[in-house]
Amino acid sequence: GNSVTQMEGPVTLSEEAFLTINCTYTATGYPSLFWYVQYPGEGLQLLLKATKADDKGSNKGFEATYRKETTSFHLEKGSVQVSDSAVYFCCNAGNNRKLIWGLGTSLAVNP
Amino acid sequence: GAGVSQTPSNKVTEKGKYVELRCDPISGHTALYWYRQSLGQGPEFLIYFQGTGAADDSGLPNDRFFAVRPEGSVSTLKIQRTERGDSAVYLCASSLGQQRTDTQYFGPGTRLTVL
């Protein structure tokens, strides 16, 4: 079945540092891949997605590329801000549409 | 526009009691999903509706859990004979339902505590 493994947190960075949160997946067929974010006190919201191999999803300065050969979908941002402090979830969806989630990675950005 | 809403936001109950959790999806979304999230974990799929019918209920943990969506809009998740292990945040999401790649939009969740 489908699964997702993402980098354990917490991750603590200084403002303007480079961010990478690793995510790898297993799946049958060709899943869609997503990053969701949960800001403190708020609900889950989609950050970006990619639906086929080599697609790059991007939003708010974050990027992730669907790498079929390495079964990865790593999240990156060149310069993080304090407002990026949140929990980030990687997930995949197969033909059955249900999202399979990683455990989440907590990010704290210090000024 | 209005997002996904869930009521109540918090529910405290005693072991053995029955609870109902409600979800109002985004208007026009035909697909509706229930997940639950335990502390420190990612959400775990429970059930998915397309219209009024349950298209996939493979995530329901046992027969104490049941969900309905009688008119293809509002959904209710019902838990009988609650146990302490049912304590979690129950999340509802909806999507357009036209393609498997459609974005799922989440509600704020209902925090269930079973004493």
Side-chain angles (χ1 to χ4, degrees), chain A residues 1-10 21 23-25 27-53 55 57-59 64 66 73 75 86-106, chain B residues 1-7 9-10 23-26 29-51 53-61 67 88-111:
Chain A
N2 291 16
S3 70
V4 171
T5 302
Q6 67 179 98
M7 187 170 117
E8 286 187 28
I21 301 178
C23 173
T24 57
Y25 68 91
T28 54
Y30 303 94
S32 296
L33 302 174
F34 305 82
W35 278 98
Y36 276 81
V37 60
Q38 188 165 33
Y39 297 103
E42 299 185 15
L44 286 161
Q45 54 186 277
L46 179 71
L47 180 59
L48 52 84
K49 70 179 182 182
T51 59
K52 61 183 186 297
D55 267 3
S58 61
N59 186 25
Y66 188 144
F73 193 54
L75 182 68
V87 181
Y88 293 81
F89 292 92
C90 181
C91 49
N92 76 36
N95 290 334
N96 55 13
R97 303 191 185 206
K98 63 186 182 187
L99 292 175
I100 305 299
W101 299 74
L103 294 179
T105 303
S106 175
Chain B
V4 178
S5 62
Q6 294 185 245
T7 54
S9 56
N10 278 284
C23 172
D24 275 272
I26 292 172
H29 280 193
T30 62
L32 185 146
Y33 309 79
W34 285 99
Y35 296 84
R36 72 175 174 182
Q37 186 175 18
S38 301
L39 194 62
Q41 305 290 316
E44 171 193 19
F45 170 81
L46 296 177
I47 186 169
Y48 149 54
F49 288 90
Q50 182 62 48
D56 183 348
D57 64 357
S58 62
L60 294 177
V89 176
Y90 288 80
L91 299 167
C92 177
S94 69
S95 72
L96 283 170
Q98 295 167 354
Q99 301 180 51
R100 67 179 179 86
T101 56
D102 288 339
T103 297
Q104 295 182 26
Y105 296 88
F106 282 80
T110 293
R111 182 176 298 279

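All values below come from the heavy atoms of this structure, side chains included, with hydrogens, waters and symmetry mates left out. Just so it is clear: chains get the letters A, B, ... in the order the sequence lines come, proteins before strands, and each one is counted from 1. Quick caveat, the model's predicted, so the values are computed rather than measured.
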Fill in: Other residues, nucleotides, ligands: >12 heavy atoms within 6.0 Å of A:Tyr30 OH
no
Worksheet item: If you count the non-hydrogen atoms of other residues, nucleotides and ligands that lie under 6.0 Å from CD in A:Glu8, is the total more than 12?
Response: no
What is the distance from atom [atom1] of [X] to atom [atom2] of [Y], rounded to the nearest 0.5 Å?
X       : Y        : atom1 : atom2 : result
A:Lys52 : B:Thr101 : NZ    : OG1   : 10.0 Å
A:Leu46 : B:Tyr105 : CG    : OH    : 7.0 Å
B:Glu44 : A:Ile100 : CD    : CD1   : 9.5 Å
B:Phe45 : A:Asn2   : CZ    : CG    : 12.0 Å
B:Gln99 : A:Thr51  : CD    : OG1   : 8.5 Å
B:Asp56 : A:Lys98  : CG    : NZ    : 4.5 Å

Worksheet entry | Part of B:Leu91 lying under 4.5 Å from any heavy atom of chain A | side chain
Worksheet item: Checking heavy atoms, do the side chain of B:Gln6, its backbone, both or neither come under 4.5 Å from chain A?
Response: neither
Worksheet item: Who pairs with A:Cys91 by disulfide (SG to SG under 2.5 Å), at least two apart in sequence or on another chain?
Response: none
Item to complete: Using non-hydrogen atoms and a 4.5 Å limit, figure out which bit of A:Leu103 sits close to chain B: side chain, backbone, both or neither.
Response: both
Worksheet item: Which answer fits A:Gln38, side chain, backbone, both or neither, if we ask what part of it has an atom under 4.5 Å from a heavy atom of chain B?
Response: side chain
Item to complete: Ignoring hydrogens and angles, state whether a donor on the side chain of B:Thr103 or A:Lys49 is under 3.5 Å from an acceptor on the partner side chain.
Response: yes
Write down the atom of [X], the atom of [Y], and the distance for their closest heavy-atom approach.
X        : Y       : result
B:Gln37  : A:Phe89 : NE2-CZ, 3.4 Å
A:Leu99  : B:Tyr35 : N-OH, 3.1 Å
B:Gln104 : A:Arg97 : NE2-O, 3.0 Å

Discussion item. According to ring pair (Phe, Tyr, Trp, His ring centres under 6.0 Å), who are the partners of B:Phe49, at least two apart in sequence or on a separate chain?
Written reply: none
